[in-house]
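Since the structure comes first, as C-alpha cells, the remarks are kept for the end.
First the proteins, then the strands, lettered A, B, ... as listed; each starts at 1. Because only heavy atoms are used, hydrogens play no part in the values below, and waters and symmetry mates are left out as well, while side chains stay in. Computed from a predicted structure; not experimentally measured.
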Amino acid sequence: MGRFYITTPIYYANDAPHVGSAYTTVNADALARWHRLAGDDVKFMTGTDEHGQKMADAAEKNGKSPAEWTDLMSERFREAWSALNISYDDFIRTTEPRHYETVQKFLSVIYENGYIYKDVYKGLYCVSCEDYYTLEASDNGSCPIHHRVLTEMEEENWFFQLSAFEDRLIEFYDTHPGFVTPETKRNEAYSFMKGGLKDISITRTSITWGVPVPWDERHVFYVWYDALINYLTVIGYGRDDEEVARWWPHSNHLIGKEILRFHCVWWPAMCMAAGLEPVHHVHVNGWLLVGGEKLGKTMAAEGGVKVSDIEPIALSQEFGVDPLRYYLLRETALGNDGEFSLEGIAARYNTDLANNLGNLVARVAAVVSSKCAGVGPLPQSDSTLRAVAEATTAKAAEAWENFAPQRALEVTFDLVGATNAYLETHAPWKMEPGSAVDAVMGDALEAIRLVTILISPAMPSVAEEIWRRIGLRGAPDSGPFGAVATWGLYPGGPVEKGASLFPRITSEL
RNA sequence: GGCGGCGUAGCUCAGGUGGUCAGAGCACACGGCUCAUAAUCGUGUUGUCGCGGGUUCGAGUCCCGCCGCCGCUACCA
C-alpha cells in the first residue's frame, strides 16, 4: 500500500471558478479516487488563495472587509467543487491561522539560513494599476493599460536569494528526471533556469492584506510566497513533523502551465533554502481552449460562448455531473492544450456514454430480464472476454498511475466495445433460456462489473448506480483494485432494468 | 528582438532514436442484427503528413529557408 498526496493549485478567489479550474480539479480528484481505489493512503487538497491587493480592493469596492469578502468568494469554490463531486480531504484557505503559522515558520527558517536579505526594489510603476512593469512589458515606458507614463519607483523589500540556487536546481533536475512532467514542460523550466536566475522580492509594505513578516512587521509577504507554502500547511509543517514526513517529499502537484515557473523553479528553491527536500513531482496540464483561444479572450468576444454557459455548475446542470467529469478527463491528454466546446461534450456524451456504455447496460439488463428471469448468472472462467478484460484492467491501471486519465478511460471503453461485440457474436436474444444464455450473460455482467470499477474514479455516481443495478453489494470503488478487478468475481444477483443512464442528447445546443 | 512549441484524413488528435508510419476515434458509405437509448456489430472511403529546397538507398520522422498560429521573455495570480 502506497501513499499518494496530490494537490491542485489554490485558486485566486477574486472571481467565480471557471472550467479551467474545474479541469485541473476534476483531474486531481479522479487521480485521488484512483489511488484510493488502488488501496493507497491518499491525501487530496485544494483551496483558495485569498491575499493580495486585488482581493483587498475588491472587498472595499463591495463595501466589505477583506475577511468578509474572502469568506464569500471562497465559498463559491466549495460550492462548485461540491457540485462536481470533488472528494478533497482538505480545503485550505490562505487566511487561516494554521497557514499564517506555517508560512511564518517556513520563511523564518529561510531567513535564518541567510537566504533572505533587505534591498531596494526599483521598477516602473503605474499609479493607476498600483503595479510595477518591466520595460519590456511596458508600452515604451507607458502603462499598456492606462497609457500614462510609468514612474520610476523604489520600495524597500526583502529579497529571496534565488540566484544562489541555480546550480542546485539544475542538479536537482538532472537527478530527478521525473520531477516535472510532461517532458516538454520540464524542458521549459530547465531552459529558464539555464538562462540565469535573479533574486526576487518577496515582501511588500504597500499592502497590509497578507501574512506579516515575523522579523519585520511593517511588511507582509508577497502573495506567491504565501500561496506556494499552502502545500506544506495542510500537512502540518511547523506543527506536526510526523505528518510532514508522512506525505513529503513524495508528493504530487497538479498545476496549469501558466504557473509553471512558480512551481518548478521558485518553489523547489524555497524548499532547498528551508532545508527541505523539494516535492518530487509536478505535473503540468495545458489549457482548455475555446475556438482555439484562451478562455478569457473568447468569452469577451462577440458571439462567443457566454461565460454563464461554461461555468462548472451550469455545465453540470446541463449535462450531468458525471458526463461533465468524463468529458474533462477523456477529451484531452493531461498535459496538452485541448479544445473545449459544448458540441464536444454532447458528442462524447452520445457516442461513449449513451451509445456504448449506457446502451450496453440497458441491453444486458433487458436480455437478463427476458431470458434469465431477471437474475444475473455467473461468468465463465474460460470466456473469450476474459483476455480482453484482463488486458484492459492492466492497461487502465498503468494509465491512471501515469497521470493519464484520458488513456485510462480510452482503454476502459475498449472493454465496453468488446462486450457489445461479444453480445453480437453470441446473440443470446436468439437463444432459448438455459445454460448457453446464462454463460453469455454472466460474462457480459462480469465485464460490466469490471468497467464499473474502472470508471469509478471518473464517474463515481454512475458507477454506483450500475453497480447496484447489476445486483452487487458494497461499492464499486471500495477496492483494493488488485483484488476486486479480477475476472470471475461477479456473484450473480438480481438485475434491474431501470431508466436510461444517459438519455441521448438530441436537441440543438 | 531572443528562446521554445505547433501546423498529419471533414472534425479532434496519436505518430521515442529515419525504413508496414500513412494511423485512431468521431463523421460518412455499404452490409448484418433487431436484445438495446434509430442504439449495436462487420467492412470500407477520405490525406501531395503547412510550403520550398537539402542530406540519405530511403524522411511527417534529420538539416536550411519561408508562410501561418501560439507560448515564455521574471515580481496580477
Side-chain angles (χ1 to χ4, degrees), chain A residues 9-15 49-55 57 121 123 129-134 136-137 145 155 157 159-160 162 183-185 187-192 194-204 222-225 227 256-262 265-266 286-287 289 292-294 330-333 336-339 341 343-344 347-348 350-371 406-407 410 413-414 416-431 437 440-441 444 497 499-506:
Chain A
I10 48 172
Y11 303 105
Y12 203 59
N14 65 341
D15 209 343
D49 184 9
E50 306 181 6
H51 286 131
Q53 191 59 46
K54 277 189 185 174
M55 207 66 69
D57 290 346
Y121 178 78
C129 296
E130 295 181 31
D131 201 5
Y132 288 95
Y133 286 90
T134 58
E136 296 78 33
I145 297 166
E155 189 177 346
N157 285 152
F159 279 71
F160 172 59
L162 181 64
E183 199 178 348
T184 56
K185 295 297 189 290
N187 294 341
E188 206 174 308
Y190 196 79
S191 61
F192 175 77
K194 284 281 189 180
L197 297 176
K198 297 180 200 165
D199 295 347
I200 17 182
S201 75
I202 62 170
T203 68
R204 292 293 127 95
Y222 176 63
V223 277
W224 267 111
Y225 296 87
K257 67 179 183 180
E258 71 282 3
I259 52 178
L260 178 142
R261 176 166 318 139
F262 308 116
V265 181
W266 295 3
W287 286 337
L289 307 174
E293 293 191 80
K294 263 185 85 169
R330 172 65 181 82
E331 189 71 7
T332 305
N336 296 343
D337 288 351
E339 275 294 324
S341 69
E343 293 79 4
R348 278 290 164 206
N350 278 339
T351 60
D352 292 358
L353 300 181
N355 295 354
N356 284 292
L357 177 59
N359 184 50
L360 172 64
V361 173
R363 68 196 302 205
V364 166
V367 176
V368 169
S369 170
S370 63
K371 302 283 184 179
Q406 180 202 36
R407 171 86 184 132
E410 184 184 5
F413 273 73
D414 286 346
V416 175
T419 307
N420 272 320
Y422 186 76
L423 292 176
E424 294 292 331
T425 302
H426 294 86
W429 45 87
K430 288 182 178 173
M431 303 173 176
V437 173
V440 173
M441 299 319 292
K497 286 171 89 169
S500 290
L501 289 167
F502 306 102
R504 282 176 59 83
I505 298 171
T506 52

For residues 363-371 of chain A, run the donor-acceptor check on the side chains, cut-off 3.5 Å, and write out each pair with its distance to 0.1 Å, sequence neighbours left out.
residue	atom	partner	partner atom	Å
A:R363	NH1	A:N420	OD1	2.8
A:R363	NH2	A:E424	OE2	2.8
A:S370	OG	A:A366	O	3.3
A:S370	OG	A:V367	O	3.4
A:K371	NZ	A:W429	O	3.3
A:K371	NZ	A:M431	O	2.8

* Asked: Just checking A:L197: base, sugar-phosphate only, or nothing, at a heavy-atom cut-off of under 4.0 Å?
  -> base
* Set of side chain to side chain donor-acceptor pair (under 3.5 Å) partners for A:T332, sequence neighbours left out -> none
* Phosphate oxygens OP1/OP2 of B:rC26: is one of them under 4.0 Å from a side-chain N or O of A:R348? -> no
* Could you check whether A:G196 gets within reach of a base, just the sugar-phosphate, or nothing at all, counting any heavy atom under 4.0 Å? => base
Between the protein and nucleotides 40-42 of chain B, which nitrogen or oxygen pairs are less than 3.5 angstrom apart?
residue	atom	partner	partner atom	Å
B:rU40	O2'	A:R363	NH1	2.9
B:rU40	O2'	A:E424	OE2	3.0
B:rU40	O2	A:E424	OE2	3.1

* How close or far is atom C1' of B:rC33 from atom CE of A:M431, stated in whole angstroms? -> 14 Å
* To do: Check the distance between B:rA77's P and A:I10's CD1 and give it to me in whole angstrom.
  => 11 Å
* Asked: Of A:R330 and A:K198, whose closest RNA chain B nucleotide lies nearer the 5' terminus?
  -> A:R330
* To do: Tell me which of A:G52 and A:L162 sits closer to the 5' end of RNA chain B, going by the nucleotide each one is nearest to.
  => A:L162
* Structure fact -> With sequence neighbours left out, the residues meeting side chain to side chain donor-acceptor pair (under 3.5 Å) with A:D49 are none
* If you look at every strand shown and take non-hydrogen atoms under 4.0 Å, does A:Y11 touch a base, only sugar-phosphate, or nothing? -> nothing
* Below 4.0 angstrom from OP1 or OP2 of B:rA77, is there any side-chain N or O of A:Y222? -> yes
* To do: Using a heavy-atom cut-off of under 4.0 Å over every strand shown, decide if A:K430 touches base, sugar-phosphate, or nothing.
  => sugar-phosphate
Using a cut-off of under 3.5 Å, enumerate the N/O to N/O pairs linking the protein to nucleotides 4-12 of chain B.
none

* Asked: Within the structure, does a side-chain N or O atom of A:R261 lie under 4.0 Å from either OP1 or OP2 of B:rU73?
  -> yes
* Assigned glycosidic conformation for B:rG47 [threshold 90° from 0] -> anti
* Could I get the full list of side chain to side chain donor-acceptor pair (under 3.5 Å) partners for A:Y11, not counting sequence neighbours? => A:T25
